[in-house]
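Computed from a predicted structure; not experimentally measured.
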Protein chains: 2
Amino acid sequence: MTIKTKVPSDIDIAQQAKMKPIVHIAEQLGLSEEDVELYGKYKAKLSYDTLLQLQKQKDGKVILVTAINPTPAGEGKSTVTVGLGDALTRLGRKTVIAMREPSLGPVMGVKGGATGGGYAQVLPMEDINLHFTGDIHAITAANNALAALIDNHIHQGNLLNIDPRRVLWKRTLDMNDRALRNVVIGLGGPVQGVPREDGFDISVASEIMAVLCLAKDLEDLKTRLSAIVFGYTYDRKPVTVKDLGVAGALTLLLKDAFKPNLVQTLEHTPALVHGGPFANIAHGCNSVMATKAAAKLGDIVVTEAGFGADLGAEKFFHIKSPVTELNPSAVVIVATIRALKMHGGLAKDQLKKTDLRALKEGITNLEKHIDTMRQFNVPFVVAINRFATDSNEEIEWLESWCSSQGIPFALTEVWEKGGAGGEQLAEVILAEMEQTKEVTPLYDVTQSVEEKIEQIAKKVYGASSVEFSLKAQKSLEVVNKNGWGQYPICMAKTQYSLSDDPKQLGRPHSFTLHIRDIVPRIGAGFLIALTGDVMTMPGLPKEPAAYNMDVASDGKALGLF
Amino acid sequence: MTIKTKVPSDIDIAQQAKMKPIVHIAEQLGLSEEDVELYGKYKAKLSYDTLLQLQKQKDGKVILVTAINPTPAGEGKSTVTVGLGDALTRLGRKTVIAMREPSLGPVMGVKGGATGGGYAQVLPMEDINLHFTGDIHAITAANNALAALIDNHIHQGNLLNIDPRRVLWKRTLDMNDRALRNVVIGLGGPVQGVPREDGFDISVASEIMAVLCLAKDLEDLKTRLSAIVFGYTYDRKPVTVKDLGVAGALTLLLKDAFKPNLVQTLEHTPALVHGGPFANIAHGCNSVMATKAAAKLGDIVVTEAGFGADLGAEKFFHIKSPVTELNPSAVVIVATIRALKMHGGLAKDQLKKTDLRALKEGITNLEKHIDTMRQFNVPFVVAINRFATDSNEEIEWLESWCSSQGIPFALTEVWEKGGAGGEQLAEVILAEMEQTKEVTPLYDVTQSVEEKIEQIAKKVYGASSVEFSLKAQKSLEVVNKNGWGQYPICMAKTQYSLSDDPKQLGRPHSFTLHIRDIVPRIGAGFLIALTGDVMTMPGLPKEPAAYNMDVASDGKALGLF
């Protein structure tokens, strides 16, 4: 990409940026020094008192940024989220961005952070990508405290009659560590605990991350933690955190992590970066606390959901919105020429040359997500996130495709130009938000689990049928026997395809969605429907990003991105 | 103890205390807001720039607080450290306390924190006892990043020829979790890594904790991390972090954790609470960075070392002082009537009644530690840390025992009275510090490993001989073959006895010290001599402290201590 010679690396841009003291950013939002708890000069948590007081204020409007199905070409959803926030600020709108915070594991593994890119970044990017304010470490600690307390209970007489073969709760580390996926613990004889098969997940896959991101206040946090089902007794009764009597201790470990983190963009737009649950086995968006606080503090909130609209946006509407009681006023669907061409069958190394045939083929993926947003009855705009390799011919074709079908669209160049590159998008979306539409969920939580899954499969994915494995059918019996059928569904599906086969790009038709298992997440308040294999503990690549990292003698981070 | 009805619980005292903003405490030390990085209003890290600038200033004097061998009766070493700091402040001396930061694992397990007690505490105690500024979480992350990078290297072709059966590096969690002591990892088939036996330690037992606490600056930190030997090749050559190429990444993960944390006592004496390595398999005192910074900022530093003087003080002189180039100007040996009576043979439930016979029997333990301090040629004071159950008769006997032998002593009542209760001790120690003595190490690092161990065993423990197991002899060969013989010794011995048998209280005579193994810690820069079993991953008790913890709806911690 020739543009790379003009735009410096993310870390160079970030380290050369002149941040405002975070208390000044707080002041922009009408907050005083008393309302924030500083973590250095450029990070702060909103105090819990302030969060409680904010509840009385009225809500701003929410813009949800989602995307087509991701491809290795990259779509730049976080970059567009940041750039759109900056653009709205430039247009004089009081805007607050709400985003997920990144996990350390991938940072050590694969080059590339989660704080936007180019001239559309949140800062301080090194801190946010490393330990930030310790939220994920606190989640790890709470997760592993529960694990230790469970195994200790079993070891110390097992009054609750927990079946060690049916403990569902895994330990977690915020690290990509494949060797911990399958382990045997408790070896070494009677004083070293009770041996059993176990495994570790990455911390962001912990149910505690999902719980923290869905709780409305500390009481709700404790209630959800109490409800976590971590295993079954020998007579197959569910055992909860409440039964073990440690919901208070877990809440205590999480009480600071629960408060949203305030940072800023390169252009000083306030951003609440908080929580980061997986977008497959969890719902994949930042915390309810952050989105709610952003809506109280800003007239407009720009927020994002993980992966494509089939996973992130669907869960935003069905899982998160009912908790926040805030539906998006409009949705941005990010698409790139490169990614659409991959959906049209091109390989990653063939993307540089103009290929209208592949683009026309791949547009079907975008088309399906547009169809889904129309079903949700939500205003939307297609953001064409421009890359240097895109030809004018391709851009023009995509624009005319949108125009001819009455689809609102805008070109964005936020990576290269920051907020200025997002003004067109900001204007189009502000216009779309004027419509007063009522968002329509695609299923009703009172429906049966099978019906809810079928609604998502058919309406959002375009599947023709759903098949439940024997295991899934057995799990369904357990779910129904325990009265858990009334929860919304959290689909765990490959992000690369609308189907459950990651190789089926574009818009697959007449396919069957295979439900492998149903996993209750009673604390989080959803039922995971597993399709295919879902990786909950990533591995490191052959050449981990860690090999390039260093610190200068003055303490400056080197080689981070 | 009747005194409990007068003195409220630690957490009640702590939560009712009126702290000064930490920037005011910094100002007391001549530091501006620019010199500190705030973590909330009452915690801060010293900026790395400031730490570098401080290096030019001259050092204050160091008082080391140590104790007789600990007993279940409790000695109150941290409480005396805090109270003495406050007392010196009351006497107009510019005093800075340097202490270890507590591990979360024990906090969840056993009621009782590590921030002093009664009216001699460092604040904010809840924060310090929970996640504090995230230092230990960063150490956990760095430790486990290295572990994941090692197993990933083996999985991805093993260019370094690492023998999976000879990986020494364990993963860590900051949790008491006995079920992780012995595990098998890498199960589940070829794509899940290489199966091998492994185990987890508690984070504070990580070599990275020892490294962080002994490094003088970021360069030294990286050098020490580089030198860590994490395993051996199939042809028995040591493999280091440098060989793996990840010292930079580990340093990056630790760059903030490396900066000392500034907090305050109940009486607003500045305290640097930073680092907390084990006192058996590591050297057991707070970071070199904190002690050095405290010496630059204060005229007097009050600091402590873990366990009794046989472990903590010995290692302070032989391992830490050579790095800081700061020998203590005086040592406080904390003793209690209760603990001395236990050394004299009384059980814990018999301590309330006056028992001069047991006291006279148990005084031998104190006597040996006094002897050791005399060998080190360091001025010292015996601090009799008064408990409500101590009778006047017992106190008088102990005082007259000290007087008759010309041993400087003072009564302290800091738990009940704060700094005021430590003024007598402060005055006695200030007088003792006037002596100009030159501390004499008890061995020379150029001696052989066996000789160094023998010096410690005979001079500090009073052993008559040392026996090396076959395993230890083999390990010694490896140590010598690799040229590691020049490092100081870090004894891993039970804290309860001067011998390696925890049941031998008082002052055992004519005993043999058994060396089970020698473990190189090349990053930390010492050789661990293991005697008996050393627990590096504690377990939770039957009724963990976690069962009592909670959070009020306004976010206040409940039931922490």
Check your understanding: Using a cut-off of under 4.5 Å for heavy-atom pairs, which of B/G193, B/A249, B/G189 has the most such pairs with chain A?
Key -> B/A249

Exercise for review: Measure A/D174 against the heavy atoms of chain B and call it side chain, backbone, both or neither at under 4.5 Å.
Suggested key: neither

**Study point:** Between A/P541, A/P544, A/A557, the one whose heavy-atom pairs under 4.5 Å with chain B are most numerous
**Key:** A/P541

Review point. Between B/N144, B/V194, B/L218, which shows the greatest number of heavy-atom pairs under 4.5 Å with chain A?
Key: B/N144

Exercise for review: State whether B/K41 and A/E34 are salt-bridged, where the test is any N-O pair (Lys NZ or Arg NE/NH1/NH2 against Asp/Glu carboxylate O) under 4.0 Å.
Suggested key: yes

**Study point:** Between A/H155, A/E219, A/M108, the one whose heavy-atom pairs under 4.5 Å with chain B are most numerous
**Key:** A/H155

Check your understanding: Tell me, side chain or backbone of A/N176 under 4.5 Å from chain B's heavy atoms, or both, or neither?
Key -> backbone

Point to revise | Side chain / backbone / both / neither for A/E33 at chain B, heavy atoms under 4.5 Å | key: backbone

Study note, to complete from the structure: Ranked by heavy-atom pairs below 4.5 Å to chain A, first place among B/E37, B/M175, B/R196 goes to B/M175

Review point. Does the side chain of B/Y547 come within less than 4.5 Å of A/V246's, by heavy atoms?
Key: yes

Practice item. Sort A/L130 into side chain, backbone, both or neither according to what part of it lies under 4.5 angstrom from a heavy atom of chain B. Key: side chain

Exercise for review: Under 4.5 Å, counting heavy-atom pairs only, tell me which of A/L149, A/D151, A/D554 racks up the most with chain B.
Suggested key: A/L149

Study note, to complete from the structure: Bottom line for A/F200: the part with an atom under 4.5 Å from chain B's heavy atoms is side chain

Review point. Looking just at side-chain N and O atoms, do A/R181 and B/Q192 make a donor-acceptor pair shorter than 3.5 Å?
Key: yes

Check your understanding: Does any heavy atom of chain B fall under 4.5 Å from the side chain of A/L104, the backbone, both, or neither of them?
Key -> side chain

Review point. In terms of heavy-atom proximity below 4.5 Å to chain B, should A/K222 be classed as side chain, backbone, both, or neither?
Key: side chain

Practice item. Heavy-atom pairs under 4.5 Å with chain A are the metric here; pick the option from B/A552, B/G199, B/S553, B/G134 that has the most. Key: B/S553

Exercise for review: Against chain A, work out which of B/L250, B/V183, B/L221 has the most heavy-atom pairs shorter than 4.5 Å and name it.
Suggested key: B/V183

Study note, to complete from the structure: Of the listed B/T251, B/L244, B/D177, B/D49, the one with the largest count of heavy-atom pairs under 4.5 Å with chain A is B/D177

Point to revise | Result of checking B/L187, B/I185, B/D198 against A/L180 for side chain to side chain contact (heavy atoms under 4.5 Å, CB included) | key: B/I185

Study note, to complete from the structure: Turns out that what part of A/L540 lies under 4.5 Å from chain B's heavy atoms comes down to both

Revision key, fill the gap. The interface call for B/K542 against chain A, heavy-atom contacts under 4.5 Å, is both

Review point. Taking atom CD of A/E543 and atom CG of B/N152, what is their separation to the nearest 0.5 Å?
Key: 9.5 Å

Exercise for review: Can you see which heavy atom on A/A141 is nearest to which on B/H131, and at what distance?
Suggested key: CB-CE1, 4.1 Å

